[in-house]
Amino acid sequence: MAIGEHKNKSPYHGVGIACFFMIAIPVVMYIIIRSLLFELQPTMGKEVNEMSARVLGLGIGVVFHLGCIIAGVLKDSFKIVVNRVVDFFDNLKFSFKLAWKCYVDQLRDGGIAFWIMFGIMVVNFCVFCSALKYAIVNFL
């Protein structure tokens, strides 16, 4: 047994760094693309350049989030959520009060890391879809 192997890992181990990059990549890409568009295409108009930067920057963010899913960033935290729901329905056979109490205890022990990271992905995807819809309606 290695040193420190017996210690329990926090359910939030690595979540802060993952969330930072999940937020930073779309924002940085938006800023880079926006500055390039305004510098290289000043004749296209401010509104067109702004919408293009949003769509491209946030679209790259969506692709990055899909890459995170494929790479398995959410794998362990998703397993915790699935096991928590399965245990809830197993305990529901006995009583709702017991099932709820066990669910809350597991929530406290296992954390909500999946929902934090998934929430960031959903927000980025919704903002991307909103920008894409606006760009399609107004510029095509």
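The structure presented is a predicted model; accordingly, all values stated were derived computationally and were not measured.
Taken to the nearest 0.5 Å, the CD1 atom of Ile25 stands 11.0 Å off from the CG atom of Asn124. Residue Leu37 holds its CG atom at 12.0 Å from CD1 of Ile32, rounded to the nearest 0.5 Å.
Within 6.0 Å of atom CD1 in Ile17, 12 or fewer heavy atoms from other residues, nucleotides or ligands are found, so the atom counts as exposed in its surroundings. Taking a 6.0 Å sphere around CZ of Phe38, one finds it holds more than 12 heavy atoms contributed by other residues, nucleotides or ligands.
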Would you be so kind as to tabulate the donor-acceptor pairs closer than 3.5 Å made by side chains of residues 125-140, with sequence neighbours excluded?
unit_1, atom_1, unit_2, atom_2, d
Tyr134, OH, Glu47, OE2, 2.7
Tyr134, OH, Asn138, ND2, 3.4
Asn138, ND2, Tyr134, O, 3.4

Please set out all donor-acceptor pairs under 3.5 angstrom arising from side-chain atoms of residues 86-94, sequence neighbours excluded.
unit_1, atom_1, unit_2, atom_2, d
Asp87, OD2, Gln106, NE2, 3.0
Asn91, ND2, Asp87, O, 3.3

Table please: side-chain donor-acceptor pairs of residues 64-75 below 3.5 Å, with sequence neighbours left out.
unit_1, atom_1, unit_2, atom_2, d
His65, ND1, Gly61, O, 3.4
His65, NE2, Met22, O, 2.9

For a quick test of your reading: what N or O donor-acceptor pairs under 3.5 Å do the side chains of residues 97-105 make, sequence neighbours left out?
unit_1, atom_1, unit_2, atom_2, d
Lys101, NZ, Asp105, OD2, 3.4
Asp105, OD1, Arg108, NH1, 3.1

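When hydrophobic clusters are built by joining Ile, Leu, Val, Met, Phe, Trp and Tyr residues whose side-chain heavy atoms come closer than 4.5 Å, directly or via intermediates, Val63 is not grouped with Met117. One hydrophobic cluster holds both Ile120 and Trp115 under the rule that ILVMFWY side chains link at heavy-atom gaps under 4.5 Å. Cluster membership check: Ile31 does not share its hydrophobic cluster with Val28, using side-chain heavy-atom separations under 4.5 Å among Ile, Leu, Val, Met, Phe, Trp and Tyr. Both Met121 and Val82 are assigned to one and the same hydrophobic cluster, defined by single-linkage of ILVMFWY side chains at heavy-atom distances under 4.5 Å. Under a hydrophobic-cluster definition in which Ile, Leu, Val, Met, Phe, Trp and Tyr are linked whenever side-chain heavy atoms come within less than 4.5 Å, directly or via other members, Val122 and Ile60 are assigned to the same cluster.
The nearest pair of heavy atoms linking Ala113 to Val15 is CB-CG2, 3.5 Å.
Listed by first and then second residue, the salt bridge (charged side-chain N to carboxylate O under 4.0 Å, His left out) pairs that reach into residues 26-35 are Arg34-Glu50, sequence neighbours excluded.
For Arg84, there are no salt bridge (charged side-chain N to carboxylate O under 4.0 Å, His left out) partners two or more places apart in sequence or in a different chain. Residues satisfying the ring pair (Phe, Tyr, Trp, His ring centres under 6.0 Å) test with Phe78, not counting sequence neighbours, are Phe114.
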Between Ile112 and Tyr12, does the side-chain contact (heavy atoms from CB on, under 4.5 Å) criterion hold? Intermediate values first, please. CA-CA 8 Å; Ile112 56 170; Tyr12 300 106; 3.6 Å; yes
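Contact of the Ile33 side chain with the Ser52 side chain is not registered, since no non-hydrogen atoms from C-beta on lie closer than 4.5 Å.
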